[in-house]
Amino acid sequence: MADADLVITGTVLTVDEARPPAEALAVGDGRIIAVGNRSDVAGLIGAGTQTIDVGDCCVMPGFIEAHGHPVVEAVALSDRIVDIRPVTVAGAQDVVDAVRREVALRGPDGAYLLGWDPLLQPGLPQPTLAWLDETAPDGPLVIIHNSGHKAYFNSLALCRPSRSPTST
């Protein structure tokens, strides 16, 4: 067998029940050509092989999507969420107007918006509980931050009891 282009040693997580964590892996021509103990891979190390020891770290399978928010993306594609992301609504006043329009339209059913971003939409008010309650005094208001990492809720959204599909 030809020499590997790259050999990585350390803890290798295989995510394969039949093949528990390994100690090394070898790559040749852009593909993994061996996984196992250090001794299993040692014979693939040649003069041109790059070797990396990850020490206390580990090697794990890679993912095509490095950072995603599938739940937020599913919500954003629904017909119930209003898109106020900076790529859709650039100005702060336009964002606030969109929030107020949705609150007026939905009333006690609640308004749900996605894309609040004070860094990319300068001039947005602070989404404090007081502001959210004043903006939507009669129904739930939920605004998801553009990053997908946080959301703002008014008091009615926090207190609204959840309903199961079987409740009346």
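Keep in mind that what you see is a predicted model, and the values were worked out from it rather than measured.
Nearest heavy atoms, P122 versus A92: O-CB, 3.2 Å. Annotation for P140 and P108: closest pair CD-O, 3.4 Å, computed over non-hydrogen atoms. Summarising the geometry of P137 relative to L156, their closest heavy-atom pair is O-CD1, 3.3 Å, with the distance given to 0.1 Å. T9 and A24 make their closest contact through CG2-CB, 3.9 Å (heavy atoms, listed as atom of the first residue, atom of the second, distance).
Residue pairs meeting the salt bridge (charged side-chain N to carboxylate O under 4.0 Å, His left out) criterion with at least one member in residues 135-150, sequence neighbours excluded, do not occur. For residues 40-51, there are no salt bridge (charged side-chain N to carboxylate O under 4.0 Å, His left out) pairs, not counting sequence neighbours. The side-chain hydrogen bond (donor to acceptor under 3.5 Å, both in side chains) analysis of residues 90-105, with sequence neighbours excluded, yields the pairs Q93-D97, E102-R106. Residues in residues 45-59 take part in these salt bridge (charged side-chain N to carboxylate O under 4.0 Å, His left out) pairs, two or more places apart or across chains: R38-D53. Residue pairs meeting the salt bridge (charged side-chain N to carboxylate O under 4.0 Å, His left out) criterion with at least one member in residues 26-36, sequence neighbours excluded, do not occur.
No single ILVMFWY cluster, assembled from side-chain heavy atoms under 4.5 Å apart, contains both L44 and I52.
Looking at heavy atoms from C-beta onward, P86 lies in side-chain contact with N146 at the 4.5 angstrom threshold. In this structure the side chain of R85 never reaches within 4.5 angstrom of the side chain of D117, judged on heavy atoms.
Alongside V41, the hydrophobic cluster contains V7, I45 (criterion: ILVMFWY side chains under 4.5 Å). The hydrophobic side chain of L129 is isolated, with no ILVMFWY side chain under 4.5 Å apart from it. Taking a 4.5 Å side-chain heavy-atom cut-off between Ile, Leu, Val, Met, Phe, Trp and Tyr, the cluster of W116 extends to V82, I84, V89, V95, V96, V99, V103, L113, L124, W131, L132, L141, I143, Y152.
Partners of T88 under the side-chain hydrogen bond (donor to acceptor under 3.5 Å, both in side chains) rule, at least two apart in sequence or in another chain, are D83. Here V59 pairs with I8, V12, L25, V54 under the side chain to side chain contact (heavy atoms under 4.5 Å, CB included) rule; sequence neighbours left out. Contacts of A151 classified as side chain to side chain contact (heavy atoms under 4.5 Å, CB included), with partners at least two apart in sequence or in another chain: I144, F153. In this structure D3 satisfies the side chain to side chain contact (heavy atoms under 4.5 Å, CB included) test together with T49, sequence neighbours excluded.
Distance alone, capped at 3.5 Å, places no donor-acceptor pair between the D5 side chain and the Q50 backbone.
With values rounded to the nearest 0.5 angstrom, L120 atom CG is found 10.5 Å from S147 atom OG.
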